[in-house]
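Structure first, then comments.
Remember, it's 1-based here, ligands and their atoms both numbered in the order they're listed.
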Amino acid sequence: MPVHELLSTAAPELEYHLEDKPMRLLVVEDEKKVAAFLRKGLEQEAYTVEVAGNGKRALELALSEPYDLIILDLLLPGLDGISVLRELRRQHVSAPVLILTARKEVDDRVSGLDAGADDYLVKPFAFAELLARVRALLRRQGSDRSAILQIADLTVDPVTHRVTRGEREIELTPREYAVLDYLLRNAGRVMTRTLIAEHVWDYHFDSDTNLIDVYVKRLREKLEAGGEKRLLHTVRGIGYVMREDGR
Ligand code: CA
């Protein structure tokens with residue numbers, strides 16, 4: 001069981017059950033058996049579920065109706081999941097997206113997360129695991145974290161996601177932004193790869209923390225592209241820390 005589940009109290013989940021309006025979920029999955037299994041399981045948890053059997057239908061639904069969360073299979077006939085996701089984000093659909101992938105390569109997960117997914121699950125998965133991710137994403141969406149973050153000449157606006165160093169504006173992918181946001185909120189504290197993985201993706205990466213290294217490396221390159229002083233430091237064998245000096 002992921003650590004965040006062991007640590008979380010029952011209260012945040014209870015809030016959702018106390019709300020009048022059921023959470024609306026869109027499941028995009030072409031395999032009928034998997035779609036039916038997801039629909040049944042999620043409806044039993046009191047979510048309202050709609051299923052789209054292909055990418056085109058997914059876009060029609062997601063662009064015309066509000067959903068609280070989208071579960072998106074990457075391998076779809078015709079328009080694939082990544083294209084669907086890119087189009088949704090391009091059209092400013094901000095619902096959290098959990099991608100499902102049968103492929104285990106880091107590249108596929110990275111491209112999905114880069115395209116704007118909030119989390120991913122590799123098939124085959126246990127339904128309990130899917131449910132934990134769904135709850136975590138819905139919970140995360142509800143929290144207010146809008147104060148401007150700053151260290152040295154680096155400024156991050158959590159509302160607009162605008163990131164600057166001095167006058168220089170920095171373009172980040174959604175996941176790079178999430179890593180930066182987390183490290184900055186914990187500036188001065190060394191964060192392990194596991195902690196970063198849990199907080200940015202809300203679960204354990206098993207031992208596959210090199211995905212975190214990929215994100216941190218790219219994030220650091222962008223933060224220093226103007227020749228600025230290093231703020232994101234590697235603490236060898238432990239993790240990463242955001243701070244002004246190089247200690
Ligand atoms: Ca599929």
Side-chain angles (χ1 to χ4, degrees), residues 2 5 22-141 173-175 178 197 200-208 210-211 214-215:
E5 276 187 76
M23 288 286 173
R24 285 167 49 82
L25 273 49
L26 176 62
V27 172
V28 186
E29 171 61 83
D30 59 308
E31 289 162 70
K32 289 201 167 64
K33 270 174 77 174
V34 179
F37 162 78
L38 290 176
R39 180 198 285 276
K40 186 164 169 250
L42 291 166
E43 284 180 348
Q44 279 172 358
E45 297 295 320
Y47 294 112
T48 299
V49 180
E50 276 192 73
V51 173
N54 59 61
K56 189 167 167 286
R57 180 68 184 144
L59 282 180
E60 279 170 11
L61 285 172
L63 293 174
S64 60
E65 294 175 51
Y67 291 95
D68 296 297
L69 181 126
I70 299 167
I71 298 173
L72 177 64
D73 185 35
L74 285 190
L75 284 174
L76 297 167
L79 196 60
D80 66 85
I82 295 281
S83 304
V84 170
L85 181 53
R86 286 218 176 90
E87 186 59 17
L88 291 177
R89 293 309 188 220
R90 199 181 70 79
Q91 304 233 21
H92 307 293
V93 172
S94 62
V97 171
L98 171 63
I99 54 176
L100 305 179
T101 170
R103 293 171 287 188
K104 293 195 174 181
E105 286 78 24
V106 167
D107 279 356
D108 290 321
R109 290 180 258 164
V110 170
S111 57
L113 295 166
D114 275 351
D118 297 86
D119 199 356
Y120 68 84
L121 206 48
V122 176
K123 288 179 174 180
F125 52 83
F127 185 74
E129 181 67 16
L130 176 106
L131 207 52
R133 307 287 181 85
V134 165
R135 285 178 177 148
L137 287 173
L138 290 171
R139 222 168 25 229
R140 192 167 74 190
Q141 195 189 28
T173 65
R175 288 305 94 185
V200 173
W201 282 274
D202 283 324
Y203 65 100
H204 272 311
F205 261 61
D206 302 321
S207 54
D208 183 18
N210 59 357
L211 190 57
V214 171
Y215 276 95

| field | Whether Leu75 has an N, O or S atom under 3.0 Å from the Ca ion (ligand 1) | value | yes

Of Val93, Asn54, Val84, the one forming a side-chain contact (heavy atoms from CB on, under 4.5 Å) with Leu59 is Val84

Closest heavy-atom pair, Phe127 versus Leu42, reported as atoms and distance to 0.1 Å, is CZ-N, 3.6 Å

Between Val49 and Arg39, the two heavy atoms sitting closest are O-NH1, 3.2 Å

Closest to the Ca ion (ligand 1), among the N/O/S atoms of Asp73, is atom OD2

The atom name of the N, O or S atom in Asp30 nearest to the Ca ion (ligand 1) is OD1

Open item on the list: With a 4.0 Å cut-off on N to O distance, would you call Asp119 and Arg135 a salt bridge?
Closed with: no

